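In listed order, ligands and their atoms are each counted from 1. Because the structure is predicted, anything quoted here is derived from the model rather than measured.
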Amino acid sequence: MPTATVARNTPPAQSGWQRELADAIRDPAELCRVLGLHAAVAEKGLPATRSFPLLVPRVFAARMRPGDPRDPLLLQVLPQAAETEDVAGWSADPLREGDALAAPGLVKKYDGRALLLLTGGCAVNCRYCFRREFPYATSGATRRGVAEGLEAIAADDSLTEVILSGGDPLLTDDAFLGDVIERLDGIPHLQRIRIHTRLPVVLPSRVTPGLVDVLTSSRLARVVVLHANHPAELAASPAIILNQAVLLAGINDSAAVLAALSERLVEIGVVPYYLHLLDRVRGATHFDVPQGRAEELHRQLRDTLPGYAVPRLVREVPGEPSKVWIA
Ligand code: SF4
């Protein structure tokens, strides 16, 4: 029938967030134009886009200060010349996650928990991302890999918690996410799912009633861990969630900015959970904050904020059974 033919040949309708993502900024010169910056601001970083392109949703760009090349949101996404410098001690896989692949798409670093990589895609490409060179396609962050990862989870009764990760797990559509959660629901030894995401910050339209339905349909306890690094990234939040930030030179390495981030998080019902020292991924050396400086900043936060608003200062060390608590 003609209608059936049309239906088969028509791509699935896109939701608002998927259209926004398709329309995201991918060209550094365009980002400069949108922000009223001279194109020269982006030129030196162009070689870095070959291996890790620029990607910024327009709604996130709209939170940047026009005309300010040092805007802390811009600096997180704008490719820089420093990214192409090789520096000893900074590598493509700083957390040695390649060694922690327990099955396709399944990273197991800590007892009782495993990360299921649902996709390699994100809505934004953060220049400091420790997975910026992660070989997602060959590591099972694919539909087929996820199916194998789910089988491995079902076979490992030492696991009680599965962390949906990526890329950004919320970049997958509701139907796929719903299938994964239904499969996890049916694995008796699991108690919790955790979702690590930056989408509510960089593409808030992803938080749809349909997504909330998918997440709340599970019998498993659910924990959402947000990723925001600067107070200017935050709008209103519909639920109590946790935040983990990365300490980044030039972005949030001041007690005033970190305190403002914590206060803004608390104001919108988000618990400031972790402040991470930067993972030493190749190309991100210019974001590094020495540990001594980080500890000093953390001391200042403790002097300024109520205890519940002070995130724990941590570093991830390959091979350690959990995150290393520094303060
Ligand atoms: S959203 Fe997270 S996984 Fe994606 S690029 Fe940024 S830091 Fe990396």
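- The closest side-chain donor-acceptor pair between Gln80 and His286, if any, does not fall under 3.5 angstrom.
- Defined by atom type and a distance below 3.5 Å, a donor-acceptor pair is missing between the side-chain atoms of Tyr128 and Asp288.
- Applying the ring pair (Phe, Tyr, Trp, His ring centres under 6.0 Å) rule to pairs touching residues 130-177 yields Phe134-Tyr136, sequence neighbours excluded.
- Among all protein heavy atoms, the one lying closest to atom 2 (Fe) of ligand 1 is His227 ND1, 4.0 Å.
- With waters left out, the protein N, O or S atoms under 2.8 Å from atom 8 (Fe) of ligand 1 add up to 1.
- Of the N and O atoms on the side chains of Thr160 and Gln191, not one donor lies less than 3.5 Å from an acceptor on the other residue.
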Evaluate the criterion salt bridge (Lys or Arg N to Asp or Glu O under 4.0 Å) for residue pair Arg58 and Glu30; output intermediate values, then yes/no.
CA-CA 11 Å; Arg58 286 174 198 276; Glu30 187 189 355; 2.7 Å; yes
Salt bridge (Lys or Arg N to Asp or Glu O under 4.0 Å) between Glu83 and Arg282: does it pass, once the steps are laid out?
CA-CA 7 Å; Glu83 292 178 37; Arg282 184 162 62 195; over 6 Å; no
